[in-house]
Amino acid sequence: MSMEAMNAPIAGFEHKPDAKAAFGPQENKPGAPQMNFRPGRPGPGPGRGMGAETQKADNVKGTLVRLLRYFARSKKLILGMVAAVVAVTLLSLAAPSLQGKAIDAIEDKTWQLLTATAMTLLGVFVVNALATLAQSLLAARLSQNIVRKMRHDLFRKIDYLSIKYLDTHSNGDVMSRMTNDVENVSNTISQSLGSLISGLLTVAGTVAIMFVYCWQLTLITMVTVVLTVVVTSQMSKIMRKVFRRRSAVMGQLNGHAEEMITGYRSIVAYNKQADVEEEFRETSDELAKVSVRAEILGGSMGPIMNCISNIGFVIVAAFGGYFAYKGLITIGTISAFIIYAKQFSRPINELAQLYGSIQTAVAGAERVFHVMDEPDEDDSGDRDMDDMRGEITFRNVNFSYVPGKQVLYDFNLDVKPGQKIALVGATGSGKTTVVNLLMRFYPPDSGQICIDGVDIMDIKRDDLRRNTAIVLQDTVLFSDTIERNIKYADPDADDARMERAAEMSNIRRFIERQPDRYQTVLKQAGASLSHGQRQLMAIARAVLADPKILILDEATSSVDTRTEKKIQDAMVNLMKDRTSLIIAHRLSTIRDADVIVVMDAGRVVETGSHEALLAKGGRYYDLYMTQFAGNAT
């Protein structure tokens with residue numbers, strides 16, 4: 001967050017995370033009989049961990065330990081979900097055995113046993129369905145509990161991060177950690193955690209049961225399992241490359257479309273529609289080719305796995321028939337073996353897929369924890385300043401955003417209470433940096449900044465910013481009512497104060513012409529307002545804050561002359577009896593400043609009144625004459 005993102009002291013937000021949990025559909029493949037009781041299974045295609053590019057964490061162990069602390073707060077949900085998973089797994093292991101007994105009962109014509117077995121099997125199916133539902137509900141609840149706490153902790157951390165961190169990290173990156181990375185953790189918990197536990201239990205339980213039935217047929221069945229693992233591994237590598245390429249091309253296409261929409265006026269003005277369309281078509285054609293290849297590879301996974309599964313079916317049927325002929329096993333055992341063989345190979349494939357999904361989730365959690373580990377904004381200082389007068393002193397201040405690239409050199413400035421000081425100079429001369437330091441967005445490298453003789457590092461941060469208001473060139477409004485936008489500086493202000501602030505800022509007549517007046521909702525953060533109206537709204541907010549120190553940073557640089565006059569009149573009302581720092585490129589707006597400070601390359605080169613500096617014929621005179629001639633500075 002740069003200082004342009006703040007128009008009033010101290011922000012407050014309420015965050016309500018979405019409560020969504022995704023569960024994959026059950027899929028019954030054609031071919032031999034199969035049973036699949038476990039929810040949330042990825043399909044055979046390019047699901048989680050196969051087609052998507054896998055991210056890896058740098059410190060997996062440390063991240064998992066921290067992630068488990070969030071699980072520790074939901075012990076009852078975890079125990080309930082594990083119990084449901086165990087129940088589903090045990091029932092899925094019992095069902096094939098019961099089916100085998102039912103087939104043997106049919107063969108032996110023991111109808112009483114068949115009836116009992118069928119009723120038991122029906123009970124298994126019903127209880128399994130209920131346990132599966134419980135597992136899904138508990139997994140969703142667990143996922144959202146953990147993610148809600150994680151999002152809350154992350155959002156609170158962002159609220160108190162230093163301005164330096166937010167200035168040096170893109171907004172998109174921070175938003176990605178709040179949304180995509182946290183969502184990866186959520187999906188893994190809701191969809192993969194139960195599958196992981198169930199998969200491990202199913203593999204162990206299935207192997208044990210198969211060995212009990214017939215160890216010879218079990219070893220033969222392992223051939224298809226090994227083949228399945230090898231094919232899945234090799235195809236996953238190929239698919240990952242193709243899907244990574246598709247993601248890259250998709251990003252190019254989205255970026256191109258965003259640029260086209262954002263810069264549409266320029267495209268039309270230069271008559272470049274045909275060129276833009278051709279570039280889009282080329283990227284879109286490449287995306288289509290890559291997507292076709294990706295979908296073919298993804299769609300081929302199911303048929304290949306089915307083929308291997310059917311090969312296993314033939315092997316089990318052939319050798320099982322031989323063993324049954326020799327009297328080693330029964331026909332019912334062969335039926336159970338076919339189902340167990342499928343139940344054994346499926347979890348192995350799924351565990352391979354889950355590995356990538358879990359890796360991505362851990363990497364996302366690590367990115368979230370990186371933000372949480374950042375130091376909070378400096379909140380040192382215990383001096384109350386309720387009776388602040390507004391005297392500002394800079395003494396030998398040096399500062400650099402990046403070590404080795406100094407921005408301010410031995411900066412000195414004395415501002416008396418109620419004075420109006422203007423900072424002027426070319427872009428990059430250090431004007432906004434002075435404001436950053438005064439607001440304690442950054443600490444100085446050396447030197448001292450005092451208000452009323454007290455070092456600002458000793459003043460309570462809240463007191464400092466409560467007594468200071470900023471009106472910036474880029475006004476920040478919120479998608480809310482006009483009333484709440486103005487009262488953002490002081491939510492407890494009554495309507496009379498709000499209307500008086502609107503009157504002083506020359507925005508009251510505009511507001512009263514709106515259909516709902518102060519209850520009118522500003523859509524898209526006030527995008528429908530003109531730049532001047534947004535500035536007047538920000539000035540009304542600053543009036544309501546009633547600060548001792550006022551900062552105006554390029555408040556009229558992007559408006560027409562008529563609007564500039566309105567804003568200047570509003571600023572005159574705002575600056576009465578307040579210490580004011582004005583940063584301006586339009587030198588015509590600061591003629592009546594008590595002191596004009598001319599800066600160049602981080603140094604003060606001239607100070608004085610408008611008339612005195614013009615008479616001096618120095619740097620200020622050159623700037624003023626250049627603007628007077630109609631050139632930008």
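Just so we're clear, the structure is a prediction, and the values are computed from it rather than from any experiment.
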(message) Before you tell me yes or no, could you show the steps for Ile486 and Ile482 under side-chain contact (heavy atoms from CB on, under 4.5 Å), namely the whole-Å CA-CA distance, both residues' side-chain angles and the distance that decides it to 0.1 Å?
(response) CA-CA 6 Å; Ile486 295 177; Ile482 291 176; 3.9 Å; yes
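- Shown here is Tyr160, whose OH atom has no more than 12 heavy atoms of other residues, nucleotides or ligands within 6.0 Å.
- When all heavy atoms of Met150 and Met372 are compared, the pair lying nearest together is O-CE, 3.5 Å.
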(request) Walk me through it: do Leu437 and Phe411 pass the test side-chain contact (heavy atoms from CB on, under 4.5 Å)? (result) CA-CA 11 Å; Leu437 296 178; Phe411 182 81; over 6 Å; no
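- Residues passing the ring pair (Phe, Tyr, Trp, His ring centres under 6.0 Å) test with Tyr518: none are found, sequence neighbours excluded.
- The shortest side-chain heavy-atom distance between Leu253 and Ser284 falls under the 4.5 Å cut-off.
- For the pair Ile449/Val397, a side-chain contact is recorded, criterion being any heavy-atom separation below 4.5 Å from C-beta on.
- Annotation: salt bridge (Lys or Arg N to Asp or Glu O under 4.0 Å) contacts involving residues 437-449, sequence neighbours excluded, comprise Asp378-Arg440.
- With hydrogens and angles disregarded, no donor-acceptor distance shorter than 3.5 Å links the side chain of Arg541 to the backbone of Tyr488.
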(request) Start with the C-alpha gap between Val82 and Val86, add the side-chain angles, then the distance that decides, and say whether side-chain contact (heavy atoms from CB on, under 4.5 Å) holds. (result) CA-CA 6 Å; Val82 170; Val86 171; 4.2 Å; yes
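- Gln406 approaches Phe399 most closely through the heavy-atom pair CG-O, 3.4 Å.
- For the pair Asp458/Asp455, a side-chain contact is recorded, criterion being any heavy-atom separation below 4.5 Å from C-beta on.
- Side-chain atoms of Thr433 and Tyr442 form no donor-acceptor pair, as typed in the model, at a separation below 3.5 Å.
- Arg497 meets the salt bridge (Lys or Arg N to Asp or Glu O under 4.0 Å) test with Asp490; sequence neighbours excluded.
- Residues Glu483 and Asp495 have side chains in contact (heavy-atom distance under 4.5 Å, counting atoms from C-beta outward).
- Between the CD1 atom of Ile583 and the CG atom of Leu581 there is a distance of 7.5 Å, given to the nearest 0.5 Å.
- With rounding to the nearest 0.5 angstrom, the CD atom of Glu366 is 10.0 Å from the CG atom of Asp373.
- Side-chain N or O atoms of Lys487 include one that pairs as donor or acceptor with a backbone N or O of Ala493 at under 3.5 Å.
- The closest side-chain heavy-atom distance from Met439 to Thr468 is below 4.5 Å.
- Here the closest heavy-atom approach between residue Leu438 and residue Ile451 is recorded as CD1-CD1, 4.1 Å.
- The two residues Ala540 and Ala501 make their nearest non-hydrogen contact at O-CB, 3.6 Å.
- In terms of the side-chain contact (heavy atoms from CB on, under 4.5 Å) criterion, residue partners of Arg484 (sequence neighbours excluded) are, by chain and number, Asp480, Thr481.
- Leu408 is not listed as a side-chain neighbour of Asn398, based on a closest heavy-atom distance of 4.5 Å or more.
- Every residue two or more places apart in sequence or in another chain that forms a side-chain contact (heavy atoms from CB on, under 4.5 Å) with Lys157 is listed here: Leu161, Val371, Glu374, Asp376.
- Atom-to-atom distance recorded for Asn128:CG and Ser92:OG is 6.5 Å, nearest 0.5 angstrom.
- Closest non-hydrogen pair, Phe280 versus Ala257, comes out as CE1-CB, 4.4 Å.
- Qualifying side-chain contact (heavy atoms from CB on, under 4.5 Å) partners for Ala87, counting only residues two or more places apart in sequence or in other chains: Ala131.
- Annotation: Arg141, atom CZ; neighbour count of heavy atoms from other residues, nucleotides and ligands within 6.0 Å does not exceed 12.
- Between Pro403 and Lys405, the closest side-chain pair of non-hydrogen atoms is not below 4.5 Å.
- With rounding to the nearest 0.5 angstrom, the CD1 atom of Ile392 is 9.0 Å from the CG atom of Asp452.
- Annotation for Asp463 and Arg383: closest pair OD2-O, 4.1 Å, computed over non-hydrogen atoms.
- Residues Asn436 and Tyr401 are in side-chain contact: their nearest non-hydrogen atoms beyond the backbone lie under 4.5 Å apart.
- With rounding to the nearest 0.5 Å, the separation of CE in Met388 from CG in Asn467 is 4.0 Å.
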(message) One pair to check against side-chain contact (heavy atoms from CB on, under 4.5 Å): Leu423 and Ile582. What are the steps and the verdict?
(response) CA-CA 6 Å; Leu423 300 176; Ile582 309 168; over 6 Å; no
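- Considering CD of Glu286 and OG of Ser291, their distance stands at 10.0 Å, rounded to 0.5 Å.
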